[in-house]
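Chain identifiers are assigned alphabetically (A, B, ...) following the order of the sequence lines, protein sequences preceding nucleic acid strands; residue numbering begins at 1 within each chain. Keep in mind that what you see is a predicted model, and the values were worked out from it rather than measured.
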There are 2 protein chains.
Amino acid sequence: MKEGPDIAYIAALIGDPARANMLTALMSGKALTVSELAEEAGVTIQTASSHLSRMDDGGLLRHRKQGRHKYFALATDDVAHVLEGLMGLAAGAGHLRKRTGPKDEKLRKARVCYNHLAGDMGTRLYDSLMAQGYVALKGEIVTLTDQGAAFVTSFGIDLDALVRKKAPLCRECLDWSERRPHLAGSLGRAFLSRFEALSWARRDQKSRAVLFSPGGDAEFTRLFPFPG
Amino acid sequence: MKEGPDIAYIAALIGDPARANMLTALMSGKALTVSELAEEAGVTIQTASSHLSRMDDGGLLRHRKQGRHKYFALATDDVAHVLEGLMGLAAGAGHLRKRTGPKDEKLRKARVCYNHLAGDMGTRLYDSLMAQGYVALKGEIVTLTDQGAAFVTSFGIDLDALVRKKAPLCRECLDWSERRPHLAGSLGRAFLSRFEALSWARRDQKSRAVLFSPGGDAEFTRLFPFPG
DNA sequence: TTCATGGTTCGACCGTAGTCGAAACATGCA
DNA sequence: TGCATGTTTCGACTACGGTCGAACCATGAA
């Protein structure tokens, strides 16, 4: 009857609690097995299997078979982007699944958004890179400046390796807790990896939280000062 | 059990066909009455009323009572943004509600995205403004340059009036058909209004399509040339 | 006041889709 | 080959929620 894409189909796919739990778990960026996702969603393996194949068909997920395991991950960054947007709407409407607690506090400070850093520290990183002239918006695309390239390399990121990949280097991603953009793309991912390699931060095993050590926090603030 | 916002609640709200139809209709940016939306969704007025109040509670809509009419609109630009993202996923997965036809062609060329111009011409406008240095990305925000301000004013847009409003002047919005950003925000809205005022284009009454006249198309291309 | 129109509430019906148990299938290991 | 583990398929149950008819409420016009 109507024109345009069938948004109800996709939204309904996301709109089931069990599936939403799995998708949220996959926002960690890690590929997870059917059993792990069943556990996350609080549902038996059979139902999880059914849900996962439907989301796969719907283009939300991609999978990789490895021996007798089947690993699922979000299909694209776009999917993660939409999920983050939905989180923003849900948070804005005051529909948190759990009232704000200590865990929530950590998530707002720093967390993994698919594969890059989000939350307060994510937006601070982005703002600081902008303010120092390391990244700039050229045309519709966020680009790394010459100074930025030098900085990134000196920071220990193998820029050439990133450039060789097809994936876009820089992208904006809207943060649900800060309601401002932060850095995504392969560079965003590289920054997070580098923070972990330097032992500035480590990922919480049980949630999306990224835990900075006191020393790491200090180094981070030194290198990425507030723009104002 | 899980941390974070309840995305299933919001997604399920969008995921019902009747509600999705109403939301899609509201992407035109026009405020519509209960009866009109019932018509759009192909459902009786009672059920429409129920759906609308639920979406209102969920923060997706806002409403305004006017006499015995009740007008509904999307609550914020963020909602429109997420809907556009969902359309992108649905289109990417090949789930169009109707197979591509002549109407679809027009939508891809130029359409209304909430209140601003989207589709091929929307992204062309944005790219051209960027390339000519009229807008630039400063920090995390898209800003109008001094030259841009002069241009906009000379084009007949009352910039002072826009600035006086609280709403952000420029924003990016991701286009589902082009898969690239275009200009949103109050300036995006103002451009579309100006195109209509100049009779370069008019809105299709029955769809989200924006129909450019041959003359309007030529003027548009002259003023907003391809960046390449 | 009376009437017409737009919207809401109530109650009942019904179908879809989420759920799980059981059994089959697949893969790796000994 | 046999066994253990991971995943899928099948079938049946159930409940949640979308739907509508009917009656009720609200507003504006005559």
Exercise for review: Provide, to the nearest angstrom, the distance between the CD atom belonging to A:Glu36 and the C1' atom belonging to D:dT5.
Suggested key: 14 Å
Practice item. Would you list the pairs meeting ring-ring contact (aromatic ring centres under 6.0 Å, His included) in which at least one residue belongs to residues 34-66 of chain B, sequence neighbours left out? Key: B:His63-B:Phe72
Please write out the pairs of protein N or O atoms and N or O atoms of nucleotides 2-4 of chain C separated by less than 3.5 Å, giving the distance to one decimal.
none

Review point. Is there side-chain contact between A:Met27 and A:Leu83, with at least one heavy-atom pair below 4.5 Å?
Key: yes
**Study point:** Minimum-distance pair of heavy atoms, taken over all atoms of A:Ala38 and A:Ile45
**Key:** CB-CA, 4.0 Å
Check your understanding: Between the main-chain N or O of B:Val43 and the side-chain N or O of B:Thr47, is there a donor-acceptor pair closer than 3.5 Å?
Key -> no
Check your understanding: Do the side chains of B:Glu36 and B:Glu39 get nearer than 4.5 Å, heavy atoms only?
Key -> no
Review point. A:His63 has an atom NE2; how far is it from atom C1' of D:dG6, in whole Å?
Key: 15 Å
Exercise for review: Would you mind reading off the distance between A:Leu37 atom CG and D:dG6 atom C1', rounded to a whole angstrom?
Suggested key: 13 Å
Check your understanding: Can a side chain N or O of A:Lys70 be found less than 4.0 Å away from OP1 or OP2 on D:dT8?
Key -> yes
Review point. Atom CD1 of A:Ile45 and atom P of C:dC25: how far apart are they, to the nearest Å?
Key: 19 Å
Revision key, fill the gap. A:His69 atom NE2 is separated from D:dA4 atom P, nearest whole Å, by 17 Å
Check your understanding: Please give, in whole Å, the distance from C:dA17 P to A:Met55 CE?
Key -> 16 Å
**Study point:** Length of the NZ-C1' vector between B:Lys65 and C:dT5, whole Å
**Key:** 14 Å
**Study point:** Pairing residues for B:Phe220 by the ring pair (Phe, Tyr, Trp, His ring centres under 6.0 Å) criterion, not counting sequence neighbours
**Key:** B:Phe195, B:Phe212, B:Phe224
Point to revise | Phosphate OP1/OP2 of D:dT7 contacted by A:Ser49 side-chain N/O (<4.0 Å) | key: no
Review point. What is the per-nucleotide protein-contact pattern of nucleotides 16-23 of chain D, from the 5' end, where B denotes a base atom under 4.0 Å from a protein heavy atom, S denotes such proximity for sugar-phosphate atoms only, and - denotes neither?
Key: --SBBBB-
Review point. In chain order, what residues pass the salt bridge (Lys or Arg N to Asp or Glu O under 4.0 Å) check against B:Asp56, with sequence neighbours excluded?
Key: none
Practice item. For A:Leu86 and B:Ala11, work out which heavy atoms get closest and say how close. Key: CD1-CB, 4.3 Å
Review point. To the nearest angstrom, how far is B:Glu39 atom CD from C:dT5 atom P?
Key: 17 Å
Check your understanding: Within the pair A:Thr33 and D:dG6, is there a side-chain N or O less than 4.0 Å away from OP1 or OP2?
Key -> no
Revision key, fill the gap. For B:Ser49, the side chain to side chain donor-acceptor pair (under 3.5 Å) test, sequence neighbours excluded, returns none
